[in-house]
Amino acid sequence: MKLTQLTIALTKGRLEKKTLSLFEQAGIDVSFMQDKQRKLIFTSPDQRFKFLLVKAADVTTYVRHGVADIGIVGKDVLMEHPFGYYEMLDLKIGVCKFSVASTKNYQPDDYKRKRIATKYPTVASEHFRKKGEDVEIIKIEGSVEIAPVLGLADAIVDIVETGTTLKENGLEIFEDICSVSARLIVNKAMLKRKRQAIFQLFDELETVIGGDRNEMAEGRNNRNFKGTK
Ligand code: PRP
């Protein structure tokens, strides 16, 4: 039988290591990715997988355009880019949360219009909109924690994992928004075209992440399954 190769767009960096360790625990040999140096595309010796190492925000782009069949990326990124793929599995790695944080003199109940610095403008504006609060969003690309310290913003909306970055920059959490973790997303057309290979991978991963998959179970029995998005 002809092997169906799966192309997986994988978020480079912190999540990459956790994902590869998850694959290893699921019995999938990823040792061919160990000595990677600056390479960004890897094919497994048995040709079953091709991994693309890309920036988090680009994972959804590769999946949406069908260059990758599958993407592995944080829910934080999916909340900013919510369309054009099916979100299929919570991999339960890379667990962190969205929080509002600032210096200790921040007044969350102050009536003046606040400036909020963030890498996540959609998440931040949605959070304050739900609270009925009109804020000015200042989009920045990283090192968000220094924005309130330097007076660029009153507070930040950012992901917090260990809390070390906040602490080391003199910030504290004023509000938690929601928790996030790594998700597996699938190209819509490929879910049909490569269904067997994709679900075989799910079976393997679920031996590690557990059977908490009511939607998945339903999906397998339901030919009209459309994923969680
Ligand atoms: C993220 C986030 C925080 C940090 C939180 O940044 O934006 O800065 O991690 O992690 P901690 O609670 O464990 O300290 P990332 O490392 O992705 O770098 P960036 O600022 O370049 O986006």
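All values derive from a computational prediction rather than experimental measurement. Ligands are counted one by one from 1 in listed order, and the atoms in each one are counted from 1 as well.
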Would you compute the distance between atom NZ of Lys50 and atom CD1 of Ile41 and round it to the nearest 0.5 angstrom? 6.5 Å
Is it true that Phe49 and Phe32 have ring centroids separated by less than 6.0 Å?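 When the ring centroids of Phe49 and Phe32 are compared, they turn out to be at least 6.0 Å apart.
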Option from Asp76, Asp158, Ile159 for which side chain to side chain contact (heavy atoms under 4.5 Å, CB included) with Cys96 holds: Ile159
To the nearest 0.1 Å, how far is [atom] from its closest protein heavy atom, and which atom is that?
atom: atom 21 (O) of ligand 1; value: Gly142 CA, 4.5 Å
atom: atom 14 (O) of ligand 1; value: Thr165 OG1, 2.4 Å
atom: atom 11 (P) of ligand 1; value: Thr162 OG1, 3.3 Å

Which of the atoms of ligand 1 are close to [X], meaning less than 4.0 Å from one of its heavy atoms?
X: Ser143; value: 20 (O)
X: Glu145; value: 3 (C), 8 (O)
X: Asp158; value: 2 (C), 3 (C), 7 (O), 8 (O)
X: Ile159; value: 2 (C), 3 (C), 5 (C)
X: Val160; value: 12 (O)

With distance as the sole criterion, is a donor-acceptor pair present between the side chains of Ser21 and Gln25 under 3.5 Å?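 Judged by distance alone, the side chains do pair up.
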Are a donor atom and an acceptor atom from the side chains of His127 and Glu133 found within less than 3.5 Å of each other?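 Distance-only check fails for His127 and Glu133.
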Does [X] come within less than 4.0 angstrom of ligand 1, counting non-hydrogen atoms of the residue?
X: Arg14; answer: yes
X: Val144; answer: no
X: Lys119; answer: yes

Can you confirm whether Ile70 sits close enough to Val63 that some side-chain heavy atom of one is under 4.5 Å from a side-chain heavy atom of the other? no
Please say whether Gly163 places an N or O atom under 3.5 Å from an N or O atom belonging to ligand 1.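 Yes, Gly163 has an N/O under 3.5 Å of an N/O on ligand 1.
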Would Glu145 and Thr165 count as a side chain to side chain donor-acceptor pair (under 3.5 Å) here? Give the steps. CA-CA 7 Å; Glu145 289 82 359; Thr165 316; 4.6 Å; no
What are the two closest non-hydrogen atoms of Tyr106 and Lys114, and how far apart are they? OH-CD, 3.1 Å
